[in-house]
2 protein chains.
Amino acid sequence: MLINELSKKTGLSIHTIRYYENLGMIKGLTDEKVKSNNYKHYNSNTIERLEIIIEAREVGFSLAEIKKILTSWFETTDSKPETLELFQAKIKEIDDKMKYFKQTKRLLEKVCEKIQNDD
Amino acid sequence: MLINELSKKTGLSIHTIRYYENLGMIKGLTDEKVKSNNYKHYNSNTIERLEIIIEAREVGFSLAEIKKILTSWFETTDSKPETLELFQAKIKEIDDKMKYFKQTKRLLEKVCEKIQNDD
DNA sequence: TAAAAGTATAGACTTCGCTCTATGCTTTAT
DNA sequence: ATAAAGCATAGAGCGAAGTCTATACTTTTA
């Protein structure tokens, strides 16, 4: 599929997809058989990768961090202990953030109660 | 307490604290009795506010949004329905983000398993 | 009393993550 | 065959959230 279809399937703008491609987070391939253009083709793996990007950026991970996650998940075969440690640290980060989420949610709920009781 | 102490108690840099003060998210008071300087004094309420800021920015809320939360929590007495709706929407946002958190956490756990099994 | 450290204000600079514009080539539609 | 739409690259611009620097005054310390 070409970039337009990819954009529609993921909900990301064409500009954003190209931005991620420039950062090396996804990769389209130009069809060797067609030499008249250099249009890039994307496959279902690209969609998978973009969905992971969307999820992880919601969590607040930087694009650089997300790139590492993608590499370890899709490309790397070696099992470096430091990579393992990195991701274990990320899991801990998520758990920590969950705490902030729960606290902030509770605060917002209290704010709502306060507003409703001020009638 | 002066800004240096506030910085140490919250872990935020003096620059960041001043930045938040310029945005109107916190407010220090100059001691009227001391006219020779205009040093600002902060109290425990400022610490509370900064702790809320730290929590909520982890959640991904913008400083403008956080400012609204602070105002509703500490200052406002009126109960506008649109404010209530705003915060209810924010609570929903948090719930949605929680889903992404769980998915990303699961992915990271799988990445860790993959690394460990590749031995 | 002189030096060092703390405080305030203003504004420049930086990074991140887009977003948009210009230009030019290719393909599709009429 | 011409116009419209799609694709690519390069680079400019932007808003958010800091971060840093310069300058000047005040307070503390030696």
Side-chain angles (χ1 to χ4, degrees), chain A residues 1-43 46 49-70 93 97 100 104, chain B residues 1-43 46 49-70 90 93 97 100:
Chain A
M1 91 193 79
L2 296 178
I3 197 158
N4 188 42
E5 193 181 341
L6 184 61
S7 168
K8 276 170 190 148
K9 282 194 176 150
T10 58
L12 296 169
S13 80
I14 288 174
H15 285 300
T16 300
I17 292 171
R18 291 218 173 100
Y19 177 66
Y20 291 160
E21 184 155 16
N22 285 338
L23 293 179
M25 304 179 81
I26 60 164
K27 188 142 188 59
L29 293 172
T30 56
D31 194 338
E32 292 301 317
K33 284 161 277 177
V34 181
K35 278 170 194 154
S36 62
N37 70 30
N38 57 342
Y39 289 10
K40 284 182 184 139
H41 293 259
Y42 304 91
N43 55 33
T46 312
R49 297 177 79 102
L50 289 176
E51 280 167 355
I52 288 173
I53 293 172
I54 291 168
E55 270 169 38
R57 74 182 183 178
E58 283 295 321
V59 176
F61 288 153
S62 70
L63 297 182
E65 288 171 326
I66 298 171
K67 192 179 169 185
K68 280 186 200 160
I69 296 174
L70 291 170
E93 252 180 61
K97 281 208 173 189
Y100 286 121
T104 305
Chain B
M1 90 193 80
L2 296 179
I3 198 159
N4 188 42
E5 193 181 340
L6 184 61
S7 168
K8 276 171 189 146
K9 282 195 175 148
T10 58
L12 295 170
S13 80
I14 288 174
H15 284 302
T16 300
I17 292 172
R18 292 220 172 98
Y19 177 64
Y20 292 159
E21 184 154 17
N22 285 337
L23 293 179
M25 304 179 81
I26 61 165
K27 187 139 187 62
L29 292 173
T30 57
D31 193 338
E32 292 301 318
K33 285 161 277 177
V34 181
K35 279 170 194 151
S36 63
N37 70 31
N38 58 342
Y39 290 9
K40 283 180 184 141
H41 293 258
Y42 304 91
N43 56 30
T46 312
R49 298 178 79 102
L50 289 176
E51 280 167 357
I52 289 173
I53 293 172
I54 291 168
E55 271 170 36
R57 75 181 183 179
E58 283 294 321
V59 176
F61 288 156
S62 71
L63 298 181
E65 288 171 327
I66 298 171
K67 193 180 168 183
K68 282 187 200 161
I69 296 174
L70 291 170
K90 291 290 153 209
E93 252 180 60
K97 282 206 176 190
Y100 287 118

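Letters A, B, ... are given to chains in the order of the sequence lines, protein chains preceding strands, and every chain is numbered from 1.
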For nucleotides 11-16 of chain D, print each protein N/O atom paired with a nucleotide N/O atom at under 3.5 Å, atom names and distance only.
none

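The closest side-chain heavy-atom distance from B:Ile26 to B:Leu70 is not below 4.5 Å. Using a 4.5 Å cut-off on side-chain heavy atoms (C-beta onward), B:Leu63 and B:Lys67 make no contact. B:Leu2 places none of its side-chain heavy atoms less than 4.5 Å from the side chain of B:Lys40. Side-chain contact between B:Ile53 and B:Thr10 is absent, with no heavy atoms from C-beta onward closer than 4.5 Å.
The side chain of A:Lys40 places an N or O atom within less than 4.0 Å of a non-bridging phosphate oxygen (OP1 or OP2) of D:dT9. The phosphate of C:dC25 (OP1 or OP2) has no side-chain N or O of A:Asn37 nearer than 4.0 angstrom. Contact annotation: B:Thr16 side-chain N/O to D:dT19 OP1/OP2 distance is under 4.0 Å. Put simply, A:Ser13 has no side-chain N or O that comes within less than 4.0 Å of OP1 or OP2 on C:dC18. For the OP1/OP2 pair of D:dT27 and a distance below 4.0 Å, the side-chain nitrogens and oxygens of B:Ser36 include at least one atom meeting the criterion. Contact annotation: A:Tyr39 side-chain N/O to C:dC25 OP1/OP2 distance is not under 4.0 Å.
Side chain of B:Tyr20, nearest nucleotide from D:dC7, D:dG18, C:dC18: D:dG18.
Regarding A:Arg57, its CZ atom lies at a distance of 10 Å from the P atom of C:dG17, rounded to whole Å. For A:Ile17 and D:dA8, the CD1 to P distance is 10 Å, given to the nearest whole Å.
Looking at which nucleotide of DNA chain D each of A:Arg18 and B:Phe61 is closest to, the 5′-most match is held by A:Arg18.
For A:Glu21, the side-chain hydrogen bond (donor to acceptor under 3.5 Å, both in side chains) test picks out A:Tyr42, with sequence neighbours left out.
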